[in-house]
Amino acid sequence: MNQKIAVLDYGMGNLRSVSKAIEQVAPGAEVRVTDDHDWIRRADRVVFPGQGAARDCMAAIGRHHLNQAIREAVEEKPFLGICMGLQVLMEFSEENEGTELLGILPGRVIRFSGEMPGGRGLPLKIPHMGWSRVEQARPHPLWEGIEDGSRFYFVHSYHVAPEDEGLVAGVTEYGVRFASALARDNLFAVQFHPEKSADAGLRLLENFVRWMP
Amino acid sequence: MGLAKRIIPCLDVDAGRVVKGVKFVEIRDAGDPVEIARRYNQEGADEITFLDITASSDERETMVHVVEQVASEVFIPLTVGGGIRTVEDVRRMLMAGADKVAINTAAVFNPGFVREAADRFGSQCIVVAIDAKRVNGEGEPPRWEIFTHGGRKATGIDAVEWARRMADYGAGEILLTSMDRDGTKIGFDNRLNRAVAEAVPIPLIASGGVGNLQHLVEGITEGGADAVLAASIFHFGEYSVGEAKRYMAEHGIEVRQ
């Protein structure tokens with residue numbers, strides 16, 4: 001039986017790279033970019049990408065009636081959040097003068113401070129854009145075969161601040177040390193873009209499609 | 001700080017084919033953007049930029065297919081510039097698999113376009129490309145103005161002011177090319193780079209004039225750039241991206257290796 005992998009589509013940006021990267025590491029799998037609830041329910045795994053502003057993301061999730069499907073998937077099957085797909089799992093974001101999020105994980109989303117020194121006499125640039133190291137805060141099946149401290153590609157101006165330190169699976173430094181990966185049971189969510197992180201990113205996706213939590 | 005400085009090879013594409021020749025050993029088709037992108041990815045490029053120099057509008061669509069093909073097998077960020085004039089142009093490139101678009105001339109004629117594109121798609125995917133030329137007289141403090149149409153038309157707009165304004169409008173990054181240095185191989189104009197790096201809160205990509213690996217280092221240390229873009233030194237096999245990274249690392253610059 002070929003497994004089914006749903007890439008949640010709620011109109012926030014291009015999901016082609018995400019689905020192509022998954023197809024690359026899961027030959028034979030049926031990868032579908034979809035907002036169809038029945039298909040998402042039948043899927044073996046769910047990938048929840050996202051980009052853009054928090055308020056737009058939440059509105060788009062509402063428009064596509066994906067709120068319930070996301071909650072069910074988080075409870076039931078291997079679930080991978082990417083970028084905004086990590087942030088909107090939290091309770092509240094500072095973005096857009098304050099935005100209520102899905103509240104699946106306790107904690108907030110806060111902005112990087114542009115007051116921080118960025119080196120060579122210049123302030124820290126925002127967005128945080130480029131390749132940064134991810135320290136593996138603890139062993140996890142999704143880190144398998146990935147050297148601790150490997151670099152992944154990031155693009156973001158806000159980062160998550162979970163209430164429960166126990167959720168943190170990866171830490172990155174950019175002006176501050178922030179949680180760049182969270183994990184709980186069958187849920188794994190990352191701030192970086194594995195689909196744009198060359199070999200390390202593809203390995204993480206490959207680990208995800210094989211993951212049996 | 002932990003953030004690697006980026007090396008970005010840039011490819012000129014005309015009607016779907018890479019021009020200005022790329023000389024790799026063991027490459028079957030030096031004009032194939034997919035094959036060249038794959039090669040740069042293997043060498044450790046941090047991103048790839050495609051500049052569409054297609055003159056005929058009939059062949060614009062070709063670039064969309066190039067991006068689709070590259071994005072299907074090269075999993076690093078891709079930027080596309082050249083001929084991006086409308087929100088629809090931006091959308092098409094992003095849907096094809098580009099991560100960012102570079103807007104140049106259209107921003108000058110309609111600055112609101114940058115704001116509109118950033119609002120619609122997010123600042124992270126909007127790069128404003130600036131072609132700047134030094135205009136001060138001898139003995140005067142340095143001043144640069146922006147030029148459009150591939151550097152052929154003067155605008156009278158101050159380059160540093162312009163960069164600041166574009167950042168305010170929502171640009172996520174500035175791609176800054178020195179027209180004085182482009183093609184000279186004598187190194188970046190790092191006074192220009194430094195002036196812009198100090199003026200804007202967003203990342204700066206330095207471009208124009210790279211002839212050796214020390215120039216890449218200087219773009220970072222003297223110019224204050226976050227990324228360095230180069231074409232010919234990589235295309236003609238003078239240096240590989242891997243060599244460039246080793247050289248930069250030896251000179252104390254943090255790179256992804």
Side-chain angles (χ1 to χ4, degrees), chain A residues 12-25 50-53 56-57 83-84 114-135 149-157 171-175 177 193-202 205, chain B residues 1-7 41-42 44-47 67-78 91-100 119-125 127 167 172-174 194 197-205 220-227 253-257:
Chain A
M12 293 302 287
N14 166 46
L15 305 178
R16 187 185 171 87
S17 303
V18 176
S19 63
K20 289 287 172 191
I22 294 167
E23 283 169 12
Q24 175 106 351
V25 298
Q51 54 177 255
D56 294 344
C57 260
C83 193
M84 277 310 285
E115 308 300 306
M116 302 289 292
R120 295 191 175 82
L122 297 167
L124 195 68
K125 303 279 177 157
I126 295 172
H128 169 214
M129 185 183 292
W131 299 79
S132 285
R133 292 187 185 282
V134 176
E135 295 167 35
S150 291
R151 290 184 187 274
F152 290 86
Y153 188 78
F154 288 82
V155 185
H156 61 131
S157 301
V171 176
T172 295
E173 189 170 334
Y174 188 67
R177 286 171 63 79
H193 289 270
E195 78 281 11
K196 287 289 160 185
S197 296
D199 292 347
L202 292 175
L205 292 174
Chain B
M1 194 175 72
L3 182 64
K5 299 298 177 183
R6 287 170 279 155
I7 295 185
N41 178 39
Q42 283 163 4
D46 296 306
E47 298 185 22
V67 173
E68 279 175 357
Q69 285 170 24
V70 174
S72 299
E73 41 179 314
V74 176
F75 298 103
I76 57 174
L78 306 174
R91 197 191 64 82
R92 270 171 45 234
M93 285 304 174
L94 297 178
M95 292 311 283
D99 297 280
K100 312 178 199 180
D119 281 349
R120 181 87 168 268
F121 305 106
S123 290
Q124 82 288 339
C125 61
V127 181
E173 223 170 15
I174 299 288
R194 175 60 70 166
E198 286 175 355
V200 298
I202 56 177
L204 171 70
I205 306 166
I220 308 288
T221 55
E222 293 172 23
D226 300 280
I253 294 171
E254 205 171 336
V255 291
R256 175 177 73 105
Q257 280 181 302

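Every heavy atom of this structure was used, including side-chain atoms; hydrogens, water molecules and symmetry mates were not. Each chain gets a letter, A, B and so on, in the order its sequence line appears, and its residues count up from 1.
Heavy atoms closer than 4.5 Å to chain B are found nowhere in A:H156, neither backbone nor side chain. No part of A:A53 comes within reach of chain B, as not one of its non-hydrogen atoms sits under 4.5 angstrom from that chain. Using a 4.5 Å cut-off between heavy atoms, B:V255 contacts chain A through its backbone alone, with no side-chain atom that close. Within the 4.5 angstrom heavy-atom criterion, only backbone atoms of B:P201 (N, CA, C, O) approach chain A. Both the backbone and the side chain of B:E68 come within less than 4.5 Å of a heavy atom in chain A. Contacts of B:N41 with chain A are made by side-chain atoms alone, with heavy-atom separations under 4.5 Å and no backbone atom involved.
Contact count versus chain B (heavy atoms, under 4.5 Å) is highest, among A:K20, A:E195, A:K125, A:E23, for A:K125. The candidate with the highest count of non-hydrogen atom pairs below 4.5 Å against chain A, out of B:A197, B:C125, B:A71, is B:A197. Contacts with chain A were tallied for B:R120, B:E173, B:Q257; B:E173 has the most, counting heavy-atom pairs under 4.5 Å. The candidate from B:L204, B:V74, B:D119, B:T221 with the greatest count of non-hydrogen atom pairs under 4.5 Å with chain A is B:T221.
Checked by atom type and distance alone, the side chain of A:W131 pairs as donor or acceptor with a backbone atom of B:D46 at under 3.5 Å. Not a single donor-acceptor pair under 3.5 Å links the side chain of A:R16 to the backbone N or O of B:S72.
Nearest heavy-atom pair across B:R256 and A:A198 is NH1-CB, 3.8 Å. Pairing each heavy atom of B:G172 with each of A:M129, the nearest pair is O-CE, 3.8 Å. Considering every non-hydrogen atom in both B:L78 and A:K196, the closest pair reads CG-NZ, 4.3 Å.
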